Amino acid sequence: MAALGQRFRDSLQDGRTVWLDGEKVENVSQHPAFQGTLQTLTALFATLEDNVLREHVGFRSPVTGEYVHNAFLVPASLEDLQRRTAAFACWTKKTHGVMSRLSEYARSLVTGWYAARERYQVFDPQFAEKIVRYYEQARDQHRFVTTALLDPQIDRSKGPSEQKDPDAVLRIVRKTEDGVVLRGAKMIATAGPYTHDFLVYPFHRIADGDLAHAHMMIVPANTPGLHIICRESFAADRREVYPLSSRYEEMDAVLLFDDALVPWERVFLHDNPQAVWQLRMDETANGLAYHTTVVRLLAKLEFVAGVAFAVAEAIGADHHLHVQEKLGELVIQLETVKALLIASEAGGKADVYGTFVPDPTPIETARNLGPRYYPRAIEILQQIGAGGFMQVPSNGERLQAELGGLLQKYYRGAKIDAEGRIALFKLAWDLIGSPLGSRHELYERFYLGDPVRTYAAQYQNCDKERLQSRLRDFWNLAAGKEAKEYDSKSAVSL
Ligand SMILES: Cc1cc2nc3c(=O)[nH]c(=O)nc-3n(C[C@H](O)[C@H](O)[C@H](O)COP(=O)(O)OP(=O)(O)OC[C@H]3O[C@@H](n4cnc5c(N)ncnc54)[C@H](O)[C@@H]3O)c2cc1C
């Protein structure tokens, strides 16, 4: 049998309709815009075939006996949860946290819904059977999965059913014996052109009574009538100039459903706002999926901090106290996220179905810090490198040519030669200034939702009574009514 990475590439020739620069992409696996990314993914798939790494990244499928990714592992204990962490850490470290859609997030949602399938039987007696079938198929066929949840950004002052054009928002226009016919669009499906399946459901709560927009489906990428529309490609072919863009460009796409038929076996919920919202907020699925994003955030912050340290040292800026203060801030960022990750695992609990789910509060906190930490980390990198990011020739190889001697002299750093300094500053530029770098800042600000609403949700969901009881204690103290008998446990716990 061919290697897993090659099988993955071959599987993309499945009749999908991908559009880039106004043209149909005949073969995604051969198109230059996807080469660097597919090479990276091929190397990641190879970890499941490596005699040592596969023990950390995967487990043997009970059906095929092949190693499959730990994103499909239903954790029954803290040790299992940490096995999942190890797998995510391995893949994300190999991509320096820069690739965010390695499929673990969406696969973890599937794993969570599979583990908690009994919850949805009340809404649809076939839910359990369908999700078991899909979970096993996705696990054993190593299916690459991503999400497409938002309605297109047309008029955000109106809900789905209030839009002027009813076709603007994805809806079921017809039901047939074979399945449902979908019309409308979804944004943004990162990794869309090279994914196998899209998890499609509404990100925001659908009003009671708005049945047409309340559905959850897992749509194969090669569904006839489904158009995958790519944004401009940020992929670069010159690795020495754009070391990240040439390897890790995750294409973002919009999905257009032009009366696309999705078979019933891939329609999990329909015409039910309450059921769809419950699934969207599922504690098991979200617990497992959100956990993956914190592992990745940590790896990315560590990478940016490493680059910032190297830039500061290369030009002797690390000598200055205010630069050290900024570098210290980066350390505080990553140590905070690391502590929250550890806390979420240590505070994890088995849910009613026996799935060991991380504590959601530290996870939510870490996720909410990302949209503030990452842009700040990039700002610090800019503040340290300053004009040095422009003191880079367009082509490193020219150091050996006519002006080589002069360039060697003026492009070096305090503790680094010209070659090293140029390579380092080009790498840093790919984080802070290239189209890929700008896309990443936007990604970290928004990928988990609108930060205004995710912050507000942290307030809405917190234990307000616990905090307000501190105030009551104070008023009691002030009024001379301090409790005579202590509850010793609450008196000494935080
Ligand atoms: C690079 C990138 C990759 C992404 N990848 C994926 C992916 O793979 N899968 C996926 O499903 N999604 C993905 N997303 C989408 C992401 O989930 C959304 O960007 C995010 O939820 C914010 O929604 P929006 O972009 O529609 O912003 P909007 O909701 O349009 O917000 C625009 C502005 O209006 C304000 N606003 C709008 N409505 C309200 C309201 N009701 N109340 C208060 N303020 C409001 C917002 O605060 C914001 O300032 C991606 C986004 C980015 C940027």
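What you see is a predicted model; the values in this text were computed from it and never measured. In listed order, ligands and their atoms are each counted from 1.
Annotation: E283, atom CD; neighbour count of heavy atoms from other residues, nucleotides and ligands within 6.0 Å does not exceed 12. In the displayed structure, Y242 atom OH is contacted under 6.0 Å by at most 12 heavy atoms of other residues, nucleotides or ligands.
Distances below 4.0 Å separate heavy atoms of G449 from the following atoms of ligand 1: 20 (C), 21 (O). Every atom of ligand 1 with a heavy atom of A148 under 4.0 Å away is listed here by number and element: 11 (O). Numbered from 1 in the order shown, with element, the atoms of ligand 1 that lie under 4.0 Å from a heavy atom of R439 read 1 (C), 3 (C). Under a 4.0 Å criterion applied to the non-hydrogen atoms of Y447, ligand 1 contributes the atoms 17 (O). The atoms of ligand 1 that sit less than 4.0 Å from any heavy atom of R156 are 26 (O), 28 (P), 29 (O), 30 (O). Under a 4.0 Å criterion applied to the non-hydrogen atoms of T190, ligand 1 contributes the atoms 3 (C), 4 (C), 5 (N), 6 (C), 7 (C), 8 (O). The ligand atoms of ligand 1 that sit less than 4.0 angstrom from a heavy atom of Y443 are 1 (C), 2 (C), 3 (C).
In R445, neither the side chain nor the backbone holds a heavy atom less than 4.0 Å from any atom of ligand 1. With a 4.0 Å cut-off on non-hydrogen atoms, D252 touches ligand 1 through its side chain and not its backbone. Contact annotation for R101 and ligand 1: only side-chain heavy atoms (C-beta onward) come within less than 4.0 Å of the ligand. Counting heavy atoms under 4.0 Å from ligand 1, residue A191 does not touch it at all.
In this structure, the separation between OG1 on T42 and CD on Q35 is 9.0 Å, given to the nearest 0.5 Å. Taking CZ of R183 as the start and CG of L256 as the end, the distance is 13.0 Å to the nearest 0.5 Å.
Annotation: cation-pi pair R376/Y373 absent, no NZ/CZ under 6.0 Å from the ring centroid and within 45° of its normal. Judged by the 6.0 Å and 45° rule, R296 forms a cation-pi pair with Y447.
Annotation: atom 23 (O) of ligand 1 to nearest protein heavy atom, L150 CD1, 4.0 Å. Protein heavy atom closest to atom 44 (N) of ligand 1, with residue, atom name and distance, is D450 OD2, 3.8 Å. Looking only at heavy atoms of the protein, atom 39 (C) of ligand 1 is closest to R453 NH2, 3.2 Å. Nearest protein heavy-atom contact of atom 32 (C) of ligand 1 is Q153 NE2, 3.8 Å.
Here D80 pairs with R83 in a salt bridge; the nearest charged N to carboxylate O distance falls below 4.0 Å.
In this structure, atom 42 (N) of ligand 1 is in close contact with the protein, since a protein heavy atom lies within 4.0 Å of it.
The closest approach between any non-hydrogen atom of M187 and ligand 1 is below 4.0 Å.
Nearest heavy-atom pair, Y290 versus R280, reported as atom, atom and distance to 0.1 Å: OH-NH1, 3.6 Å.
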Pair up each side-chain donor or acceptor in residues 184-194 with any protein partner under 3.5 Å, not counting sequence neighbours, and list the distances.
{"from": "K186", "atom 1": "NZ", "to": "L149", "atom 2": "O", "distance (Å)": "2.9"}
{"from": "T190", "atom 1": "OG1", "to": "D252", "atom 2": "OD1", "distance (Å)": "2.6"}

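Using modelled atom types, one finds a donor on one side chain and an acceptor on the other under 3.5 Å when comparing R372 with Y455.
Between the K130 side chain and the W264 main chain, a donor and an acceptor come within less than 3.5 Å of each other.
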